[in-house]
Amino acid sequence: MYYPTAHPWTEDETLAQHLERRGVGRREFLEFCSSMAAVLGLGSLAAPKVAQAMQTQRRPSVIWLQLQECTGCVESVLRTSEPTIGDLVLDLVSLDYQHTLMAGAGTAVETAKQDAMAANEGGYVLIVTGSVPLAEDGIYCTIGGRTAKEIVEEGARGAAAVIAVGACAHFGSVQSARPNPTGAVGIRDVITDKPVLNIAGCPPLGDVVTATVVHFLTFGRLPAVDGEGRPLFAYGSRIHDQCSRRAHFDAGQYVTVFDDEAARKGWCLYKVGCKGPATFSPCPIFQWNTRTNWPIGAGHPCIGCTEPHFWDTMTPFYDRLPDVGGFGIENKVDLIGAAAAIGATAGVVAHAAVTGVQNRRKRRDLPIVEAGTVKQEEDNNG
Amino acid sequence: MTATAQPVAATPKDPPPAKPGYRSVYLWHWPIRAMHWVAGGCIALLVVTGFYIGGPYFMTPGEASEHFLMGWMRFLHFSAAAILVATAVIRVYWLFVGNRFERWQALFPFRPRDWGHMVQVLRKYLFIHPERAPHWLGHNPLQQVSYTVLYVVAGTQVVTGFAMYGLSNPGGFFASTFGWVAPLLGGHQVVRFVHHIMTWYFLIFLPIHIYLSLRADLLHREARVSSIVDGFRFVRADVDFIDE
């Protein structure tokens, strides 16, 4: 266990020296580096390199901005039942500015932030949680009298890397769901002149944040990302393909309602709306709350929170497919489809009946046609 | 094989003997006929397995290790989809080398007067002056439009299907080739939704298609059904065909 200390990480100290002062053993530190190398998909041979890079690291400057959000991401990253070295690293690097965790307040911390940004111009890491509301000149989120847009633009200007943590910073999360009254957008829509790395999720896994920071400290650049700007080491495969309930999916064993026998047996949650087949996240591997469990493990379908605009696209959370909006009870796709198909069949039957009646009527007036003669009939195509 | 106005495959030397008052016309080459039945079979399999994948209507009891029901459904679905794509490739090729009933010009009523004809065909099916509608050897304008819509729907199914298929192997061929689909439609759930609801087009098309084909045979003695089996249509010698 690592407790808050009276010894802050000072500028001239390396991480190794500081961890030693905090009572972290060499073995524990190497364990941490090995696990980070594994998380990043680097293999065990890279662990020494990670250790080397991390231990010689001087205190990096990190500015953590919290904008239009609920602080859940900070909770996820920092509040675990047993602080790990990863948490400690994050605690340490987020030293310069983190308005929830800072002891100070008001002008003092704003000045501290300005000083830190000026002193580390072009070298600090900017972590952002929360979206940026753009409607009505951004008045829906102001800190110290300045809008979120102003604050994040100013922060990104001198940043070496911009890391957007959480669904709000990724795409705007729930406040950007239709009709999006505050005009909330993700960081990538505001900061367009440099790459923004998205650590997606509502909230994201703390391990992914830690590993991304470790990657940056080790290699001096951000990890490879997918089309959504999410690090591939974490978001490279689907929940569905890593799921502990996958065997039940393939076997055809599904939970139909939450308190049925199948739910007790731990069958697949596909029929109760699990979005695992459309969601990329390492939840099944990393799990939550110091690897205690994760939503699907606890019997709740995945809601797809690492995917963009999941409040709009992944709802209803307990159904397989989106609803057809706008009209009353017949709002299910299959009802409409089946009605149309049955309607078409009924139409065909009715049409055939009318044709039959017409034909019968016509046949009465027609001469009997002998073989070899050509029927001369006015209405021959019916 | 070069694209010519003439059919690639020659018309069979001896057409089946027609009854007096009738003549036989060769319409559909074997690739078109094969495509029709193979694609039809695939679509039937795709609809059945697709509805299972969309909402599993059977469950298996006991241990998961003893069953592979969804696994087989998905295997059949993906296999049938692959065969359907193969038939589509043949169909697209034949759009350029087939006879004039099979070529791309037959996909759509291009000329203004075709649209007038389409109205006449519609009126004919609504029992309004059926005698005024002209006769076609190939597809009438309404048929052209409905079959072309079927191709478009099938194409949408293929594209959305591959977009979902790509999810299992991010960075693979399908994920990268069809990566544009989900952002275009607004997310993978919308892709699922489109794929699901489009399925109903086949189920709406099927009864109408079968009915109108049989109707043409029974009512007008036009041998439409047999034309997709052996390629020949028996038509009445006294009827003029607008696309002859």
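By convention in this document, chain letters (A, B, ...) are assigned in the order of the sequence lines, proteins followed by strands, and residues within each chain are numbered from 1.
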If you count heavy-atom pairs within less than 4.5 Å of chain A, which of [options] leads?
| options | result |
| --- | --- |
| B:Gly55, B:Gly171, B:Gly62, B:Ala216 | B:Gly62 |
| B:Pro170, B:Gly179, B:Ala182, B:Pro56 | B:Pro56 |
| B:His67, B:His188, B:Gln189 | B:Gln189 |

What part of [X] lies closer than 4.5 angstrom to a heavy atom of chain A: side chain, backbone, both or neither?
| X | answer |
| --- | --- |
| B:Phe202 | neither |
| B:Pro183 | neither |
| B:Ile53 | both |
| B:Phe51 | side chain |
| B:Glu63 | backbone |

- Query: A:Glu307 and A:Arg230: salt bridge (charged side-chain N to carboxylate O under 4.0 Å, His left out), yes or no, with the steps?
  - Reply: CA-CA 10 Å; A:Glu307 296 299 318; A:Arg230 303 174 296 193; 3.0 Å; yes
- State, with a plain yes or no, whether a side-chain heavy atom of A:Val257 is found less than 4.5 Å away from one of A:Val272.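 A side-chain contact under 4.5 Å is absent here.
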- Flag the pair B:Phe205 / B:Val153 as yes when at least one side-chain heavy-atom distance between them is below 4.5 Å, and no otherwise.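 Contact flag for B:Phe205/B:Val153 side chains = no.
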[X], [atom1]: over 12 other non-hydrogen atoms inside 6.0 angstrom:
| X | atom1 | value |
| --- | --- | --- |
| B:Phe75 | CZ | no |
| A:Arg178 | CZ | no |
| B:Tyr57 | OH | yes |
| B:Tyr165 | OH | no |

Pick from [options]: which one has the most heavy-atom pairs with chain B under 4.5 Å?
| options | result |
| --- | --- |
| A:Thr313, A:Asp250, A:Thr256 | A:Asp250 |
| A:Ser237, A:Gly343, A:Pro277, A:Gly227 | A:Pro277 |
| A:Thr355, A:Asp312, A:Thr345 | A:Thr355 |
| A:Gly337, A:Gly236, A:Ala278 | A:Gly337 |
| A:Val349, A:Thr279, A:Ile342, A:Leu321 | A:Leu321 |

Chain B contact via [X] - side chain, backbone, both or neither, heavy atoms under 4.5 Å:
| X | value |
| --- | --- |
| A:His309 | neither |
| A:Val354 | both |
| A:Tyr270 | side chain |
| A:Ala262 | neither |
| A:Arg246 | side chain |
| A:Lys275 | side chain |

- Between B:Trp136 and B:His117, ring centroids under 6.0 Å: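 B:Trp136 vs B:His117: aromatic centres under 6.0 Å.
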- Can you check whether A:Ile296's main-chain N or O pairs, donor with acceptor, with A:Arg245's side chain at less than 3.5 Å?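 Yes, the answer is positive, given that a donor and an acceptor are paired below the 3.5 Å cut-off.
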- Query: Got a donor-acceptor contact below 3.5 angstrom from the A:Asp319 side chain to the A:Gly273 backbone?
  - Reply: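 Checked: no pair found.
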- Query: How are the rings of B:Phe68 and B:Trp72 set relative to one another: parallel (under 30°), tilted (30 to 60°) or perpendicular (over 60°)?
  - Reply: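 B:Phe68 and B:Trp72: perpendicular rings.
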- Task: Name the orientation class of the two ring planes belonging to B:Phe174 and B:Phe178 (parallel below 30°, tilted from 30 to 60°, perpendicular beyond 60°).
- Result: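 Aromatic pair B:Phe174/B:Phe178 classed parallel.
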